[in-house]
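Computed from heavy atoms alone, side chains included, the values below leave out hydrogens, waters and symmetry copies.
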Amino acid sequence: MELFSFYNVENLFLPDPKPIHKLDPTKSGLRNWDDRRYKNKLFKIAHVFQLMKEENGVLPLMIGLSEVSGRKVLEDLVEMEPFNSEYGIIHYNSMDERKVDVALLYDKNKVEVIDSETITFFFEIIDKNTENYDTTRDVLYSKVKYRGEIINVFVAHLPSKREKDINKPKRTFILNEVRGRILNIINEKEHVILCGDFNENPDDENLVKILYDNANEKVLENPFQQLFSTRNYSTFHYKSGLLFDQIILSKSLFDNVGLSFQNAEVFNPEKISSRNRNFEGRPFRTYAGTRYLGGYSDHFPVFVKFKDL
């Protein structure tokens with residue numbers, strides 16, 4: 001059995017340098033983000049995967065991450081238990097305005113990296129007296145080999161739903177680009193895993209469209225559609241439960257040969273859930289606004305389980 005996981009870790013930044021003046025803006029944008037809080041955050045993220053291992057018997061062979069700032073935080077993370085420096089890192093700095101990126105961790109004993117690159121997006125800004133383009137987080141593409149099988153992994157963190165969803169056209173554009181690449185790969189008969197925080201639920205139009213090719217044949221499966229329909233959520237906005245974190249798979253991973261899909265889960269044990277009774281069943285987050293809570297993340301991780309035939 002093998003696992004593949006995705007986790008939005010909520011602002012994993014290095015500690016801020018001490019400000020020269022009290023009101024200086026911080027690099028992280030977080031309040032009092034010091035070494036102690038950073039180390040606690042790293043311990044918490046590592047602990048999530050320790051819990052996942054205890055429940056399933058194995059650590060994920062690959063882990064997609066979002067909201068990480070720079071490579072150093074990932075190097076610090078993989079040195080810790082339960083990773084113990086056995087995990088490699090695929091990461092590129094993106095031009096995101098908040099300086100948060102996506103990354104892929106992989107078990108070096110099981111996975112061989114063949115190739116990786118970023119898919120970068122620039123969007124023109126209309127009617128603004130600023131720079132003439134807007135940037136967003138890159139999509140990370142990696143081609144890896146596991147037991148002779150080629151797996152193409154895309155890790156995404158799409159622009160958020162804010163200001164009356166001004167970013168929806170960007171999400172549509174990015175997913176169309178990714179869809180085009182996936183269709184080319186599927187024609188080559190290779191596996192595809194698309195994971196990320198899509199800032200859309202599994203039943204949203206963009207995420208339904210990406211499952212089909214131009215002839216309207218289904219080429220991808222999204223096991224998180226079923227989870228969403230049974231009210232499994234990975235994050236929350238006010239009173240709404242959301243399943244923005246998903247792992248979408250090519251149909252080749254369902255054919256009972258080699259790696260074969262078994263089930264999908266939102267990983268939400270009590271230990272990483274909110275201590276506040278008003279927010280029972282929600283993630284125990286690091287910050288609520290500017291208030292430090294000392295939790296894990298404002299998202300639960302998700303994973304898919306594979307039989308290894």
Next item on the list: Let me see the working for R179 and N214 under side chain to side chain donor-acceptor pair (under 3.5 Å), right down to the final yes or no.
Entry: CA-CA 10 Å; R179 178 176 173 268; N214 296 330; 2.9 Å; yes
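- Between N206 and the options L158, T172, N199, a side-chain contact (heavy atoms from CB on, under 4.5 Å) holds for only T172.
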Check: Going through the checks in order, is the side-chain contact (heavy atoms from CB on, under 4.5 Å) test met by N32 and D16?
Finding: CA-CA 8 Å; N32 301 328; D16 284 320; over 6 Å; no
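- Distance check: L194 CG to I182 CD1 gives 4.5 Å after rounding to the nearest 0.5 Å.
- Summarising the geometry of I272 relative to P301, their closest heavy-atom pair is CD1-CD, 3.9 Å, with the distance given to 0.1 Å.
- Minimum heavy-atom separation, Y146 to D308: OH-OD2, 2.7 Å.
- With hydrogens and angles left out, the side-chain atoms of D245 and Y233 include no donor and acceptor closer than 3.5 Å.
- Within the structure, the side-chain hydrogen bond (donor to acceptor under 3.5 Å, both in side chains) test picks out no pair touching residues 266-281 (sequence neighbours left out).
- A pairwise comparison of heavy atoms in S260 and F254 identifies OG-C, 4.1 Å as the closest pair.
- Applying the ring-ring contact (aromatic ring centres under 6.0 Å, His included) test to pairs two or more places apart or on separate chains, those with a residue in residues 290-309 are Y287-Y292.
- In terms of modelled atom types and a separation under 3.5 Å, the side chain of W33 and the main chain of F13 share a donor-acceptor contact.
- Side chain of S250 to backbone of V192: a donor-acceptor contact under 3.5 angstrom is found.
- Within a 6.0 Å sphere centred on CZ of F43, other residues, nucleotides and ligands contribute 12 heavy atoms or fewer.
- Taking R285 as the reference, D298 meet the salt bridge (charged side-chain N to carboxylate O under 4.0 Å, His left out) condition, with sequence neighbours excluded.
- Residues N109 and E86 bring a donor and an acceptor atom of their side chains to less than 3.5 Å of each other.
- Applying the ring-ring contact (aromatic ring centres under 6.0 Å, His included) definition to pairs two or more places apart or across chains, those involving residues 69-91 are F49-F83, F83-Y87.
- For E265, the side-chain hydrogen bond (donor to acceptor under 3.5 Å, both in side chains) partners two or more places apart in sequence, or in a different chain, are N263.
- A donor-acceptor pair under 3.5 Å is absent between the side-chain atoms of R31 and the main chain of G289, judged by distance alone.
- Taking CD of E81 as the start and CG of N84 as the end, the distance is 4.5 Å to the nearest 0.5 Å.
- Here the side chain of N167 pairs no donor or acceptor atom with the backbone of K170 at under 3.5 angstrom.
- Looking at T230, its side chain does come within 3.5 Å of a backbone N or O of Q226 through a donor-acceptor pair.
- In this structure, S229 has no side-chain hydrogen bond (donor to acceptor under 3.5 Å, both in side chains) partners at least two apart in sequence or on a different chain.
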Item checked: Verdict with reasoning, I247 to V302, per side-chain contact (heavy atoms from CB on, under 4.5 Å) -> CA-CA 8 Å; I247 302 167; V302 294; 4.0 Å; yes
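- The pair K305-E2 fails the salt-bridge criterion, with no side-chain N (NZ, NE, NH1 or NH2) lying under 4.0 Å from an Asp/Glu carboxylate O.
- Summarising the geometry of V155 relative to G64, their closest heavy-atom pair is CG1-CA, 4.2 Å, with the distance given to 0.1 Å.
- Side-chain contact between V9 and V68 is present, with at least one heavy-atom pair separated by less than 4.5 Å.
- A pairwise comparison of heavy atoms in K72 and L14 identifies CG-CD2, 3.7 Å as the closest pair.
- Judged by distance alone, with hydrogens and angles left aside, the side-chain atoms of T286 form no donor-acceptor pair with the main-chain N or O of G294 at under 3.5 Å.
- Linking ILVMFWY side-chain heavy atoms closer than 4.5 Å, directly or via other members, places I186 and Y141 in a single hydrophobic cluster.
- Residues V178 and F173 share a hydrophobic cluster, clusters being chains of Ile/Leu/Val/Met/Phe/Trp/Tyr side chains in contact below 4.5 Å.
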Note to self: With side-chain contact (heavy atoms from CB on, under 4.5 Å) as the criterion, how do S28 and T26 come out once you've worked through the C-alpha distance, each side chain's angles and the decisive distance to 0.1 Å?
What the structure shows: CA-CA 5 Å; S28 68; T26 61; 3.8 Å; yes
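- Here the closest heavy-atom approach between residue L207 and residue P202 is recorded as CB-O, 4.0 Å.
- Scored by the side-chain contact (heavy atoms from CB on, under 4.5 Å) test, D213 finds L183, A215, E217, V219 as partners (sequence neighbours excluded).
- Cluster membership for I89 and L104, using ILVMFWY side-chain heavy atoms within less than 4.5 angstrom, is shared.
- Taking the centre of each ring, F244 and F198 stay at or above the 6.0 Å mark.
- To the nearest 0.5 Å, the span separating CG on D138 from OG1 on T120 amounts to 3.5 Å.
- For E79, the side-chain contact (heavy atoms from CB on, under 4.5 Å) partners at least two apart in sequence or on another chain are S85.
- Between the side chains of N176 and R171, not a single donor N or O lies within less than 3.5 Å of an accepting N or O.
- Side chain of N201 to main chain of L243: a donor-acceptor pair is present (N/O by atom type, distance under 3.5 Å, no hydrogens or angles).
- In this structure, R71 pairs ionically with E75, as a charged nitrogen and a carboxylate oxygen lie closer than 4.0 Å.
- With sequence neighbours excluded, the residues forming a side-chain contact (heavy atoms from CB on, under 4.5 Å) with Y106 are M62, I90, K108, V111, V113, listed by chain and number.
- For the pair S297 (side chain) and N8 (backbone), a donor-acceptor distance under 3.5 Å is present.
- Every pair tested for ring-ring contact (aromatic ring centres under 6.0 Å, His included) that includes a residue from residues 266-286 fails, sequence neighbours excluded, so the list is empty.
- Cluster membership for F154 and L211, using ILVMFWY side-chain heavy atoms within less than 4.5 angstrom, is shared.
- For the pair N152 (side chain) and H191 (backbone), a donor-acceptor distance under 3.5 Å is present.
- In this structure, the side chains of M1 and K307 stay at 4.5 Å or more apart for every pair of heavy atoms.
- E177 pairs by the side-chain contact (heavy atoms from CB on, under 4.5 Å) definition with I119, F121, R181, not counting sequence neighbours.
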Check: Where do N222 and Q246 land on the side chain to side chain donor-acceptor pair (under 3.5 Å) test, with the steps shown first?
Finding: CA-CA 8 Å; N222 186 353; Q246 300 158 55; 2.9 Å; yes
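- For the residue pair S66 / Y7, no side-chain donor-acceptor distance below 3.5 Å is found, with atom types taken as modelled.
- No hydrogens or angles considered: nothing links the side chains of S252 and K189 as a donor-acceptor pair under 3.5 Å.
- Both I185 and L220 belong to a single network of hydrophobic side chains, linked directly or stepwise wherever heavy atoms of I, L, V, M, F, W or Y lie under 4.5 Å apart.
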Next item on the list: Could you check V58 against M52 for side-chain contact (heavy atoms from CB on, under 4.5 Å), going step by step and ending with a plain yes or no?
Entry: CA-CA 8 Å; V58 289; M52 202 179 279; over 6 Å; no
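- Residues that satisfy the salt bridge (charged side-chain N to carboxylate O under 4.0 Å, His left out) test with E10, not counting sequence neighbours, are absent from this structure.
- Contact check on K251 versus D255 returns no salt bridge, with no Lys/Arg side-chain nitrogen under 4.0 Å from an Asp/Glu carboxylate oxygen.
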